[in-house]
Amino acid sequence: MKKFLIAAGALVSALSANAALAEDDTIKVGVLHSLSGTMAISETTLKDTVLMMIDEQNKAGGLLGKQLEAVVVDPASDWPLFAEKARELIEIEGVDVMFGCWTSVSRKSVLPVIEELASVPLFYPVQYEGEESSKFVFYTGAAPNQQAIPAVDYYLEELGVESFALLGTDYVYPRTTNTILEQYLLDAGIAAEDIFVNYTPFGHSDWQTIVSTVKDLSASGKKVGVISTINGDANVPFYKELANQGISAEDIPVVAFSVGEEELSGLDTGPLVGHLAAWNYFQSAEADVNDEFVETWQSFIGNDERVTNDPMEATYIGFKLWAQAVEAAGSETYADWRPEIYGMSVPNLTGGEATMLPNHHLTKPVLIGEIQDDGQFDIVSQTTEVPGDAWTDFLAASATRMSDWADSEVDCGNYDTETGECFGQNY
Amino acid sequence: MLRLLTLLVALVILSPAWASAQSLGDILAGRSDDLAAGKTATIKEIAADVAATRDPQTRDVLEGWIDGRLHYRRSDNLIVFADKTESGYDLSDPITGDALGSVGKKDTKKVKNSTPIKAILRPGLAALDLSSVDPEKRLSAAEQISKKPTVQSLALLEQALATETVAGVQSALETAALIATFAVSDAADKLAALETMGDRLEPSVRGAVQRVANDKNAAPEIREAAQARLASIETRVALNNFGNNILFGLSQASVLLLSAIGLAITFGVMRVINMAHGEFVMIGAYTTFVVQTSLPVSSGVGLLISIPIAFAVAFIAGVILERLVIRFLYGRPLETLLATFGVSLVLQQSFRLIFTPQNRPIVTPDWLAGNLSLNPILGITTPRLFVFGIALAVFFGLLLFLQRSRFGLEMRAVTQNRAIAKTMGINSSRVDYLTFGLGSGIAGLAGAVLSQVLKTNPDMGTDLIIPSFMVIVVGGVGSLWGALVGAGLVGMATKLVEPLFPNNTLLATAIILVAVIGFIQFRPRGLFAQKGRSAEL
């Protein structure tokens with residue numbers, strides 16, 4: 001027993017010595033993306049993107065004279081495991097910053113941990129439903145006003161859609177987004193009976209009934225459009241069914257919020273030409289920084305067919321902003337660089353600037369693209385930068401809320417402008 | 001010389017008439033900078049101008065623009081036709097057809113042809129195609145015109161109807177004319193059309209009638225006539241929709257049967273709880289992908305030859321699994337369950353590492369794409385029909401094989417009573433691995449076929465395993481007929497419950513699961529329960 005204790009003691013001190021050593025030499029970057037399970041389909045790419053950014057940064061001499069070191073963990077698409085792995089990264093590995101998560105449910109699972117430990121922030125690179133702003137999360141993907149709302153505007157104004165089918169996977173992101181969109185459509189004068197909503201389970205494979213229901217909506221004599229928040233690999237049989245039932249984009253367009261270049265690379269895109277996606281980035285964007293980014297990525301991954309996508313750009317922007325803020329503060333400690341990052345800008349890969357707002361969201365242009373047969377998007381509409389809105393203006397309960405972490409008077413993520421108070425949770 | 005002079009004079013006299021309507025060449029040359037600038041509103045105007053021209057090349061330019069062949073050269077914004085080559089594009093002049101040399105991929109760019117722009121180009125093309133010699137073009141032109149009918153297009157349609165001889169095109173023209181009548185004609189024509197049209201099922205026609213019924217400016221008797229027509233169509237629509245649900249149910253049942261039938265052998269006959277069953281289906285699907293991408297054959301041939309190859313690959317994998325793992329675990333269901341679950345995880349992650357976690361695109365060959373419609377509502381997609389046919393063929397083939405072949409006899413003997421089968425000189429261990437191989441091989445074959453309607457990624461097996469077990473348990477363990485009836489019941493029930501909850505498919509799925517649990521309470525051995533001593537094993 002005594003021996004064991006001594007051994008354990010030795011082990012602990014050896015470990016802590018190691019940690020101390022590491023702290024001096026390197027800045028540790030935690031990577032919290034699923035490498036196995038259902039979400040590996042999307043998240044492995046983001047892990048590789050962070051590794052590429054670290055590689056590039058190290059080639060350029062590191063940060064504050066220190067080398068960056070990636071600590072990669074695999075939360076295996078298992079939501080509670082995200083919380084455990086986040087704790088492991090912060091408490092055991094002692095990382096200085098984390099990049100990670102894809103699904104909102106995984107982010108929600110990590111939130112209590114980072115709020116409790118209150119020392120290391122997470123850069124979250126995926127479009128999401130909003131209604132949240134944590135002091136310890138930077139949302140570098142789109143808020144609903146930076147993706148969903150402009151896409152609906154395109155439907156209403158350019159395509160003249162009068163009857164909407166909102167199809168989504170049954171979890172928090174599609175449900176919240178569709179609630180916001182329903183209200184937005186009602187406000188825009190669309191009648192309630194012209195809004196059809198459907199939720200399917202993750203991985204849903206038999207789309208016959210739903211696709212034929214959508215097809216029959218046009219018997220209402222109105223132009224029908226589909227807004228898809230279908231997530232993950234359920235999209236594959238969905239688009240197959242669309243193609244085989246002969247639904248062309250010119251008759252019934254489908255705009256997707258979770259289908260990008262990466263997802264298209266797994267589909268036979270021939271029959272899908274003209275269907276749409278709304279993002280803040282497309283690989284086909286014409287800009288020199290984008291060409292450079294695509295080239296760096298393809299040479300890093302060693303495959304000149306590999307595509308880039310929107311969450312990769314969000315990861316890129318998040319990483320660049322973090323590095324700039326650390327450089328400006330001269331310290332990798334969150335408390336030191338947090339004030340620096342507000343108002344800081346890096347170029348968007350599609351042109352314009354991505355500025356970090358005090359509500360932890362970015363300014364981003366909104367792009368709408370039509371699918372082409374080579375698996376790329378033809379950009380058919382592009383706005384100027386839209387500031388991300390943490391709390392949507394289209395739901396009564398959220399309209400009066402705002403988030404401001406830079407203003408010492410407000411200093412919270414859910415300030416109610418009517419009562420002048422922050423409510424409940426911290427985020 | 002004199003002739004030339006006369007010609008010149010004639011030209012001078014005629015030219016003012018041309019100048020009033022812009023020629024196609026003038027538009028393309030004069031507005032090339034605007035076309036290159038890519039502002040949708042401006043391009044829409046130009047598209048309308050182009051669609052209004054009647055030059056000999058108008059048709060080609062409209063079609064080329066829609067298809068994305070119309071480009072502008074980046075160096076000088078010259079509007080050209082660009083045809084893809086290995087290294088870039090071959091350019092030609094859209095008006096004269098003269099070749100303009102080859103350029104690299106990034107030297108030209110497509111003139112914007114997004115859906116709103118196509119919506120302007122298409123009617124122009126359709127008006128020209130209505131008199132095309134190709135009946136297919138006339139057909140699609142008629143359909144196109146019905147989407148945005150005008151007074152002029154109705155006249156065009158009626159003109160075309162007078163001379164049309166091909167039956168299919170004729171009916172498309174009539175439908176288009178009907179829709180156009182509801183949109184643009186006067187009250188008397190609308191009333192007459194409502195009376196004579198009959199009960200049409202096309203969503204587009206119903207939509208047109210619905211618009212008449214909704215039109216607040218229309219006379220009350222027209223609106224009432226439209227309502228009455230809609231009401232009389234309604235019953236037929238409901239009936240056809242129900243028929244559709246039955247077809248969907250049959251299709252779903254065939255998918256379930258195909259994915260479960262291998263399990264009916266490994267689990268049903270051998271009693272091995274094979275959690276890696278779904279991964280054998282996955283092996284089959286990936287085999288199709290590899291065949292399709294690495295063999296120099298068309299995707300249609302690729303699909304056909306990948307079916308036997310997928311069977312062979314999965315068969316071998318099954319035999320290896322049986323020899324290395326399962327044969328040590330016979331009679332220990334819990335350990336088998338855990339071991340095969342482990343194997344399934346290993347297989348999933350290996351495929352993830354080899355083929356990336358992304359879905360792999362399986363091309364649907366041309367002869368298989370599309371759908372077979374009995375009427376505008378009732379129909380099934382051809383890949384699903386293909387799956388249906390293969391599922392039945394596999395089922396009856398397997399049934400025949402087990403009943404009539406020597407191996408089938410040995411297999412049944414070993415599963416019924418191993419000891420006595422052995423005393424009869426049957427090599428039971430050989431029967432074991434061949435049986436397991438057969439079950440796995442059929443799962444692989446199923447994967448090759450199902451890749452046409454499902455996804456092909458490392459997670460596909462996980463999604464298939466639960467429905468497969470459900471089918472076997474409902475049908476009755478140990479019976480092929482059980483698998484058939486089980487798949488039919490579960491598939492049909494799913495597709496009949498789903499339309500009851502149009503807004504929540506998840507709920508429909510949950511209801512089916514609860515119903516299966518309830519069913520097992522009453523018939524724990526399934527529909528085709530085995531009787532006699534073998535049932536106790």
Side-chain angles (χ1 to χ4, degrees), chain A residues 35-45 158-160 170 196-201 203-206 208-210 212-213 215-222 233-237 240-241 243-246 249-251 253 262-263 265-271 274 276 286 370 372 378 380-381, chain B residues 40 68 110 112 114-116 118-119 122 147 203-204 206-211 214 237 241 244-245 248 251-252 255 348-349 352 356-364 369-371 377 379 381-384 452-460 462-463 494-495 498-499 502-506 509:
Chain A
L35 310 180
S36 54
T38 43
M39 289 315 295
I41 188 167
S42 305
E43 291 192 63
T44 15
T45 310
E158 287 290 332
L159 300 180
D170 203 357
F196 168 77
V197 185
N198 170 273
Y199 293 105
T200 40
H204 188 61
S205 64
D206 191 308
Q208 299 179 92
T209 314
I210 296 161
S212 84
T213 307
K215 213 162 126 183
D216 216 45
L217 285 180
S218 52
S220 66
K222 296 184 170 125
D233 51 16
N235 275 305
V236 178
K240 277 189 180 171
E241 193 68 35
N244 285 324
Q245 291 207 19
E250 288 173 57
D251 294 334
E262 184 89 5
E263 287 73 23
S265 73
L267 282 168
D268 175 14
T269 45
L276 302 142
E286 289 183 6
E370 284 185 3
Q372 290 183 286
D378 182 16
V380 296
S381 154
Chain B
T40 306
K110 186 175 83 171
K112 213 169 187 182
S114 58
T115 304
K118 279 184 191 155
R122 288 252 188 236
K147 284 177 198 165
S204 53
R206 283 153 58 207
V209 179
Q210 183 74 56
R211 275 193 290 269
N214 292 348
V237 169
N241 273 334
N244 240 358
N245 290 334
F248 294 163
S251 166
Q252 167 84 326
V255 170
Q348 273 175 40
Q349 199 60 16
R352 207 167 270 137
T356 80
Q358 278 301 330
N359 191 70
R360 290 295 89 201
I362 305 276
V363 179
T364 303
N371 59 1
I377 295 178
T381 68
T382 29
R384 288 190 173 274
Q452 282 302 321
V453 293
L454 302 180
K455 58 197 175 189
T456 305
N457 69 18
D459 297 308
M460 68 181 295
T462 324
D463 291 348
T494 310
K495 285 292 145 187
E498 216 182 293
N503 298 327
N504 197 335
T505 309
L506 192 65
T509 318

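Every chain is numbered from 1 and lettered A, B, ... according to where its sequence line falls, protein lines coming before strand lines.
- For B:Ala369 against B:Thr382, the heavy-atom pair with the smallest separation is O-OG1, 3.2 Å.
- For the 3.5 Å distance criterion, the side chains of B:Thr115 and A:Glu370 qualify, holding a donor opposite an acceptor.
- Of the atoms belonging to A:Asn235, not a single heavy atom falls under 4.5 Å from chain B.
- Taking 4.5 Å as the limit, every side-chain heavy atom of A:Lys240 sits out of range of all side-chain heavy atoms of B:Thr381.
- In summary, the side chains of B:Lys455 and A:Ser205 do not present any donor paired with an acceptor at a separation below 3.5 Å, with no hydrogens or angles considered.
- Side-chain atoms of B:Val237 and B:Arg206, non-hydrogen and from C-beta on, do get closer than 4.5 Å to each other.
- Taking the charged nitrogens against the carboxylate oxygens, A:Glu250 and B:Arg122 do have a contact shorter than 4.0 Å, which makes a salt bridge.
- At a 4.5 Å heavy-atom cutoff, the contact between A:Ser212 and chain B is made by side-chain atoms alone.
- Contact annotation for B:Gln452: only backbone heavy atoms (N, CA, C, O) come within less than 4.5 Å of a heavy atom of chain A.
- Residue A:Leu35 touches chain B through its backbone alone, counting heavy-atom pairs closer than 4.5 Å.
- With a 4.5 Å cut-off on non-hydrogen atoms, A:Asp170 touches chain B through its side chain but not through its backbone.
- Only the backbone of B:Val453 comes within less than 4.5 Å of a heavy atom of chain A; no side-chain atom from C-beta onward does.
- Both the backbone and the side chain of A:Asp206 come within less than 4.5 Å of a heavy atom in chain B.
- With a threshold of 4.5 angstrom between heavy atoms, B:Asn504 approaches chain A through its backbone and through its side chain.
- A salt bridge does not link A:Lys215 with A:Asp251: every distance from a Lys NZ or Arg NE/NH1/NH2 to an Asp or Glu carboxylate oxygen is 4.0 Å or more.
- For a residue to count as touching a neighbouring chain, one of its non-hydrogen atoms must lie under 4.5 Å from one of that chain's; by this rule A:Glu43 does not touch chain B.
- Interface residue B:Pro502: backbone and side-chain heavy atoms are both found under 4.5 Å from chain A.
- Using a 4.5 Å cut-off between heavy atoms, A:Thr44 contacts chain B through its side chain alone, with no backbone atom that close.
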